[in-house]
Amino acid sequence: MKLMKESHDKSSKKHSSREQKCTSSSKVKQNGAHSSKMKPSDVTSIDESLQVSADISKVKHISGDTDEMDVNVTVGPVERDQNDGHKKSHSSEKINKHKSRSKSSKERHNEKVQKDRTADMDIKTEDHDGCDSAADRQASPPVKIKKKKVKDEKTDEKHDTADKNHRARKKRKNESSEWDQPEKKPKKMKTNEEEEEEEEEEKKKEKMKDKKDEGTEKWKWWEEGKSSDTQKWTSLEHKGPYFPPEYEPLPSNISFKYEGKPLKLTAQTEEIATFYAKMLEHEYTTKDVFQKNFFNDWREEMTKEERKVIKSLSKCDFTEMHKYFVEKSEERKNKSKEEKQVLKEEASRLLEEYGFCLLDGHREKIGNFKLEPPGLFRGRGEHPKMGKLKKRLQPEDVIINCSADSKIPEAPKGHKWKRVQHENTVTWLVSWVENIHGRPKYIMLNPSSKLKGEKDWQKYETARKLKMSVNSIRKEYKRDWTSREMKTRQRGVALYFIDKLALRAGNEKDDESADTVGCCSLRVEHISLHKRIDGQEFVVEFDFLGKDSIRYYNKVPVEKQVFKNLRRFMEHKDPEDDLFDRITTVYLNKTLNESMPGLTAKVFRTFNASTTLQDQLRKLTTDDMTLEEKMLSYNRANRAVAILCNHQRAAPKTFEKSMQLLQEKIKKKKEQIEEARKELKGAKRAHKETPSDKSSKLVEKNEKKVQNLCEQLKKLQLQETDREENKVIALGTSKLNYLDPRITVAWCKKYQVPIEKIYNKTQRDKFAWAIDMTDDDFQF
DNA sequence: CCGATCACTTAGCATCCATCTG
DNA sequence: CAGATGGATGCTAAGTGATCGG
């Protein structure tokens, strides 16, 4: 908690200018401006049992079953800071620098071999010996070290038996699968499923939808053996993509104005103008890069005549158009029930027609069957291509993938597909090349599909496999810290970061995208070293923009050897030079693959996330908790993972307001309790003075009332804590992508929490395999 | 071997929509 | 019953890592 606060204070100071900006522009998120986050004091009124975990920001995260490795993360909720403050230091001048940076790193690449020799010698003379073995032990302050307790016997036993069962089952089945096959307990599952289905059926009856879905049995693909790695399907039939509606020209009374005068545009030019007009209120239309990119692309699409006239964006007036669209969307909102119903039916008809495909004889839901409509590109963060025109797709841009003997989807009238292919080694149905970066895009199946589910399952099995070898891998990379070879040292430290901090691998990027980094692409400017700070030794301070330009800010105490290495890596380098200049993600992954087949950098994220969830759940839940308390525990465990993985979100716009409302409710409740207690006292007194049946009943009644109110209060307080802690943390990403669903399912069963409390419908669909196959003794 | 390309996963934000509340 | 609210869903950008091909 202390750490977290510090990070907060620091960053809010650092970026105070950003805050100002925030208040001045309505649409900008106001993150990090609230130092009130996660006050432990808020919890004081809550049950003691909960307080144990109140300080969730300090996630002691011990990965795997190791006794000797003290992986321990203290991740402050990283104040997010996307576009403004932090980026200021990475402003447009920087982009140029950036270019030179990549050059220099490439050059360095070429020099590597020669350099290595000399550098290695250096290392040997300077610190290869045990000069700091004693100091090393001291390096991590005891406070920060939380040795993983040896597993208690109970779990050990369980694990063992589970393992044995596992093996036994595997034998019985004699299956060819490389990864573990499901454990099935049909009895148990059935009851659960029936319940679920009943509930759902009721709902559906009321709403009369998804009839077909109900009719067809769900495909339990996980009960079949593992399918081929290369061949993804044997038959595939679908309807092709759904094209967005054609452009509807503006009514004649709405005009675009240039230099104050109405100017009629051709439909094509007008359409692009509407893209801009629609986002007039958005902050990014004020950005230089955005305007420049937009105007360039727009002019390119104009006719010669238009281009002759329209020469400056500042002379363009889109306000009338803008107003028109605002009115239109208003209209849409105010539509009557009947009209809305019609629209809804239309949408579900569309889904019915385009939303499914037939894969190996099973009807599977498609993830995104609609082609992306044209518009203006808005990358995340400070993207150099923001504002560029994303062009309208023609059938001629689109490749269809399906079986040769299936009914080939028809191209819209008068058009042809770019190509129709029958490639069963890939999972996509439709692809096209997006014009902003020239990258391919795909239409693929929904997460509930076999193709996705199986892959997901496999992912978690790989992560579980890592659990077996993580000890030796950790030993290895620690040994690398003192290697004679610079490259190996860098590898060791990078791997340590990836493991301990769950950093992403950090592939190289080109200059055509936002300047964000991961582990291997960290630059000297992204870390600072503190030999001693805030009572801790050897602290590394990270401050960089990661994926989606989400800021990662963290102060981490590290082993002395790591610290020394980092200092060495930074020597004689400019801020914009790569920190790990000798290694790449490819090299890293190659090494990892040698340690364990299938292992890559990203597996560590999955592994550490899932392990953390399991550990936290074990720590935070007890049998005697109420359902609400268990839910809070789950959310906290989930949150620990989200913090570890730095999954952030903008604080909800209405956060302050709704929080206040909740607090008022709590206050009221407290008053009510006070009142009820008084009444109870009165009743008791009355009963003492003149005991009677009636008076004793009154006492009872009042007692109950107080009790009820107290319970209600507790619920509200739990809600408050949960929401406060969740302000800028996004739980969804980890839940969906990093946490082995079987951990959750097992926990739900063990503690009798209905699975619907944790997973909504979509999530239950995605994790159907896990829900069906998992017993309460599942161990990740 | 290595950069380019391709396929697939992971990500946050916007909008939709069901439910709650006053 | 309207309006607010917050979770669910839709959307598409932005990562990772395997494979391709020179």
Side-chain angles (χ1 to χ4, degrees), chain A residues 27 29 80 82 106 109 203 207 229-230 232 279 282 329 332-334 340 343-344 347 351 367-373 375 377-381 383 385-386 390 399 401 423 425-428 431 433-434 436-447 451-452 455-456 459 504-510 513-514 516-521 545-550 584-590 592-593 598-603 605-606 609 642 645-650 652-655 657-658 661-662 665 719 723 726 728 730-738 759-763 765:
Chain A
K27 287 246 166 177
K29 293 157 278 157
R80 102 199 251 127
Q82 270 171 294
K106 256 183 201 166
H109 228 85
K203 270 187 197 166
K207 287 169 195 174
D229 255 353
T230 45
K232 309 295 167 92
M279 38 176 72
H282 225 294
S329 82
R332 216 177 314 124
K333 269 184 215 153
N334 296 332
K340 275 184 181 166
L343 249 73
K344 226 174 157 183
L351 178 73
N368 211 24
F369 57 90
K370 287 179 177 167
L371 287 182
E372 292 173 16
F377 174 81
R378 167 55 168 145
R380 313 230 165 108
H383 199 116
K385 294 200 170 184
M386 65 168 84
K390 189 162 94 177
I399 304 171
N401 192 43
E423 191 66 68
T425 58
V426 294
T427 67
W428 52 266
S431 88
V433 174
E434 152 259 13
I436 304 286
H437 303 92
R439 299 179 103 221
K441 288 213 169 187
Y442 306 92
I443 288 180
M444 290 183 191
L445 295 185
N446 186 276
L451 241 33
K452 293 285 185 190
K455 202 79 188 294
D456 209 34
K459 173 181 79 187
R504 296 189 184 81
N507 281 318
E508 271 178 57
K509 298 178 70 184
D510 54 26
S513 50
T516 61
V517 298
C519 184
C520 291
S521 47
L545 296 183
K547 182 178 180 179
D548 293 315
S549 293
I550 297 295
T584 64
T585 53
V586 175
Y587 168 68
L588 202 70
N589 283 334
K590 219 185 266 166
L592 286 174
N593 197 261
L599 184 61
T600 62
K602 90 195 249 287
V603 177
R605 254 167 100 81
T606 314
C645 294
N646 201 36
H647 290 142
Q648 298 188 253
R649 63 164 184 175
K653 284 175 203 115
T654 53
F655 185 85
K657 217 172 106 196
S658 71
L661 232 63
L662 195 60
K665 263 193 203 167
Q719 215 181 24
R723 207 184 296 174
N726 237 13
V728 292
L731 299 187
T733 307
S734 49
K735 207 171 179 179
L736 231 50
N737 299 302
Y738 289 105
Y759 289 144
N760 66 34
K761 181 80 178 80
T762 324
Q763 292 163 165
D765 282 344

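Protein chains get the first letters and strands the later ones, always in sequence-line order, with residue 1 at the start of each.
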Tell me what [X] touches on the nucleic acid: a base, only sugar-phosphate, or nothing, going by heavy atoms under 4.0 Å.
X: S431(A); value: nothing
X: Y442(A); value: base
X: K232(A); value: sugar-phosphate
X: K390(A); value: sugar-phosphate
X: P447(A); value: nothing

Under a 4.5 Å cut-off applied to non-hydrogen side-chain atoms, are [X] and [Y] in contact?
X: L371(A); Y: I443(A); result: yes
X: K735(A); Y: Y759(A); result: yes
X: V517(A); Y: K509(A); result: no

Any side-chain to backbone donor/acceptor pair from K385(A) onto I436(A)? Under 3.5 Å, distance only.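 Here the side-chain-to-backbone pair exists.
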
Candidates dA13(C), dA11(B), dC8(B) - which lies nearest the side chain of N737(A):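 Nearest to the side chain of N737(A) among the choices is dA11(B).
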
So which nucleotide from dG12(B), dA13(C), dC8(B) ends up closest to the side chain of H647(A)?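 Among the listed nucleotides, the one closest to the side chain of H647(A) is dG12(B).
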
Take Y759(A) and K441(A), find for each the nucleotide of DNA chain C with the closest heavy atom, and name the residue whose nucleotide sits nearer the 5' end. Y759(A)

Presence of [X] side-chain N/O under 4.0 Å of [N] phosphate oxygens OP1/OP2:
X: T516(A); N: dG15(C); result: yes
X: R605(A); N: dA11(B); result: yes
X: K509(A); N: dG15(C); result: yes
X: K344(A); N: dA18(B); result: yes
X: T427(A); N: dC8(B); result: yes
X: H383(A); N: dA13(C); result: no

How many whole angstroms separate atom [atom1] of [X] from atom [atom2] of [N]?
X: N646(A); N: dG15(C); atom1: CG; atom2: P; value: 13 Å
X: N368(A); N: dT10(B); atom1: CG; atom2: C1'; value: 15 Å
X: L343(A); N: dC16(B); atom1: CG; atom2: P; value: 11 Å
X: L351(A); N: dC11(C); atom1: CG; atom2: P; value: 11 Å
X: R380(A); N: dA14(C); atom1: CZ; atom2: P; value: 6 Å
X: D229(A); N: dA7(B); atom1: CG; atom2: C1'; value: 14 Å
X: R649(A); N: dA14(B); atom1: CZ; atom2: P; value: 13 Å
X: E423(A); N: dC8(B); atom1: CD; atom2: C1'; value: 15 Å

Please tell me which of K452(A) and K590(A) maps to the more 5' nucleotide of DNA chain B, matching each residue to the nucleotide holding its nearest heavy atom. K590(A)

Its contact letters, B for base, S for sugar-phosphate only and - for none at protein heavy atoms under 4.0 Å, make nucleotides 16-22 of chain C read BBS----

Where does the angle between the aromatic ring planes of F377(A) and H383(A) fall among parallel (under 30°), tilted (30 to 60°) and perpendicular (over 60°)? perpendicular

May I ask you to verify whether the side chain of K547(A) and the base of dT10(B) hold a donor-acceptor pair under 3.5 Å? yes

Heavy-atom closest pair, residues [X] and [Y]:
X: N726(A); Y: R649(A); value: O-NH2, 2.9 Å
X: T516(A); Y: S549(A); value: CG2-OG, 3.5 Å
X: C520(A); Y: T584(A); value: SG-C, 4.1 Å
X: K459(A); Y: N737(A); value: NZ-O, 2.8 Å

